[in-house]
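Presented below is the structure to which this report refers.
Side chains included, hydrogens not; waters and symmetry mates left out as well; all remaining heavy atoms used. One-based numbering along the sequence shown.
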Amino acid sequence: MNDWLPAWCRKHLDSVPRDTLFQVTSISTVFGLRLADGAEVVVKGRPDDGRAASCVDAQSQLAKSGFPCARTLTEVIGVGDLAVHAEEYRPGGEVLHGDGPGVAVRYAEVFARLMAALTDVAVPPPLPNPRWIRWDHRDPGLWPAIDLLDDRDQSSVPSHVVETAERVRNRLLATDLPCVLGHGDFEAQNLRWHGTGIWLVHDWDSLTWQPEAALVGAASGSFASSGQPTLAPIDASEAFLAAYQHFRRRPFTPEELEVAWAASLWPPAHNARWEALHGDPPLAVTALREQAAERLIRGKA
């Protein structure tokens, strides 16, 4: 347990931690805590890059509207170089596994509901966007600046990954579609289900400001990832895109469909680069080799 955490809980939650239910560290450090007063809460701390306040405010508005996400208990509070907030602990539910068209439709329905709910949320754009969906960066070179990747030997990244990323980025930067709020990490591991119904959507740290079609496209490729991320099959992405338009009751324009297909390739390109630089199993690398050509054609990239 971090040294600052007991005092933080006492000040902002009127109690102190009694038990640690879980602790997970990725970009954020997440503590599941049982407090001395019996309340069970989650406290999240992440490097303060200016995004957190908008993400937490949006999550709070969504929870109040009835969307299935955890209710926030505090606003974002600075602790040194961290942005920290607390939310209710909502355990339970199961991950919905699978990458076929039928599973894709179920995820698309949730994503359509999510995007519709976000149209009523007013927060400053949560910029910069998460690094795996940040094709709009202004850093030099192809990729957004990420020290833990940039400091490694870039020659290990396969040429087809670099070429795919270049073509996708050029296509996405060429569109003038308006940006909206959306979930930028819509993976199976970030959702929980009770039977056929959605129970909870996690990871609002990944709120993103990109064109709707691009967000839908990215989700159509990432929805099936429940561990090391990869890329859903093309027919599943096709089913996801069709179902999303159906549930939103708005067909995409040809331009939006192109942007969606192009955007489906940026997260796996980022993930493929990560795999190559870290020596991880080449799931995204292989998926790009097998699927990029067709997706690039559909995206006119």
ask   = Is there a side-chain contact between Thr230 and Gln228, using heavy atoms and a 4.5 Å cut-off?
value = no
ask   = According to a 4.5 Å side-chain heavy-atom criterion applied to Ile, Leu, Val, Met, Phe, Trp and Tyr, with indirect links allowed, do Leu33 and Val16 form part of one hydrophobic cluster?
value = no
task = Show the numbers, then the answer: is there a side chain to side chain contact (heavy atoms under 4.5 Å, CB included) between Thr74 and Val43?
result = CA-CA 10 Å; Thr74 71; Val43 178; over 6 Å; no
key: Flag, side chain of Gln210 to backbone of Gly184, donor-acceptor distance under 3.5 Å   = no
ring-ring contact (aromatic ring centres under 6.0 Å, His included) partners for His278, two or more places apart = Trp274
ask   = Taking only residues two or more places apart in sequence, or in another chain, which ones meet Trp209 in a ring-ring contact (aromatic ring centres under 6.0 Å, His included)?
value = none
query = If only atom types and distance count, is the side chain of Glu275 paired as donor or acceptor with the main-chain N or O of Leu283 below 3.5 Å?
reply = yes
key: Modelled atom types, side-chain donor and acceptor of Asp205 and Ser28, under 3.5 Å   = yes
task = With sequence neighbours left out, write down each residue that passes side-chain hydrogen bond (donor to acceptor under 3.5 Å, both in side chains) with Tyr107, or none if nothing qualifies.
result = none
remark   = Contacts satisfying side-chain hydrogen bond (donor to acceptor under 3.5 Å, both in side chains) that involve residues 78-90 (not counting sequence neighbours) are Arg46-His85, Gln59-Glu87, His85-Glu87
ask   = Under 3.5 Å, is there a donor-acceptor pair linking the side chains of Gln61 and Asp57?
value = yes
message = List the residues meeting ring-ring contact (aromatic ring centres under 6.0 Å, His included) with His137, not counting sequence neighbours, and say none if there are none.
response = none
request  = Could you please spell out the steps behind the salt bridge (Lys or Arg N to Asp or Glu O under 4.0 Å) verdict for Asp147 and Arg152?
outcome  = CA-CA 9 Å; Asp147 289 345; Arg152 295 174 179 257; over 6 Å; no
ask   = By salt bridge (Lys or Arg N to Asp or Glu O under 4.0 Å), which residues pair with Glu109, not counting sequence neighbours?
value = none
task = List, by chain and then residue number, the residues other than Val56 in its hydrophobic cluster (Ile/Leu/Val/Met/Phe/Trp/Tyr, side-chain heavy atoms under 4.5 Å); write none if there are no others.
result = Val76
remark   = Closest non-hydrogen contact found for Ser220 with Ser264 is OG-CB, 4.1 Å
request  = Could I get the full list of salt bridge (Lys or Arg N to Asp or Glu O under 4.0 Å) partners for Glu75, not counting sequence neighbours?
outcome  = none
side-chain hydrogen bond (donor to acceptor under 3.5 Å, both in side chains) against Asp176, all qualifying residues, sequence neighbours excluded = none
key: Main-chain N/O of Leu172 paired with Thr175 side-chain donor or acceptor, under 3.5 Å   = no
inquiry  = Give me the atom names and distance for the closest heavy-atom approach of Arg273 to Asp150.
reply    = NH2-OD1, 2.9 Å
inquiry  = Less than 3.5 Å apart, any donor N or O on the side chain of Gln189 or Ser225 sitting next to an acceptor on the other?
reply    = no
query = Ion pair present between Glu256 and Arg250, side-chain N to carboxylate O less than 4.0 angstrom?
reply = yes
Side-chain donor or acceptor of Arg171 paired with backbone N/O of Gly299 under 3.5 Å = yes
ask   = In terms of ring plane angle, is the pair Trp204 and Phe67 parallel, tilted or perpendicular, where the classes change at 30° and 60°?
value = perpendicular
ask   = In the single-linkage hydrophobic clustering (I, L, V, M, F, W, Y; side-chain heavy atoms under 4.5 Å), do Leu288 and Ile234 co-cluster?
value = yes
task = Look at the side chain of Asp99 and the backbone N and O of Ala224, then say whether any donor-acceptor pair between them is shorter than 3.5 Å.
result = no
message = Are Val24 and Leu21 linked, directly or through intermediate hydrophobic residues, by side-chain heavy-atom contacts shorter than 4.5 Å (ILVMFWY only)?
response = yes
query = With the threshold set at 4.0 Å, does a side-chain nitrogen-carboxylate oxygen contact exist between Lys44 and Asp203?
reply = no
query = Please walk me through it: do Ser226 and Glu187 pass side chain to side chain donor-acceptor pair (under 3.5 Å)?
reply = CA-CA 7 Å; Ser226 58; Glu187 297 184 341; over 6 Å; no
remark   = Applying salt bridge (Lys or Arg N to Asp or Glu O under 4.0 Å) to Arg34 and not counting sequence neighbours gives Asp19, Glu40
request  = For the pair Glu294 and Arg289, find out whether any cationic side-chain nitrogen is under 4.0 Å from an anionic carboxylate oxygen.
outcome  = no
query = Using a distance-only test with no angle check, is there a side-chain donor-acceptor pair under 3.5 angstrom linking Arg295 and Ser237?
reply = yes
message = Could you see if Val180 belongs to whatever hydrophobic cluster contains Leu118? Use Ile, Leu, Val, Met, Phe, Trp, Tyr and a side-chain cutoff under 4.5 Å.
response = yes
key: Non-neighbouring partners of Val110 that pass side-chain contact (heavy atoms from CB on, under 4.5 Å), sequence neighbours left out   = Phe186, Leu191, Trp193, Ile198, Val201
key: Qualifying residues under ring-ring contact (aromatic ring centres under 6.0 Å, His included), relative to His270, sequence neighbours excluded   = none
ask   = Looking at side-chain heavy atoms only, is the closest gap between Asn129 and Trp135 below 4.5 Å?
value = no
inquiry  = Test of understanding: clusters of I, L, V, M, F, W, Y form through side-chain heavy atoms closer than 4.5 Å, transitively. Do Leu127 and Val123 belong to the same one?
reply    = yes
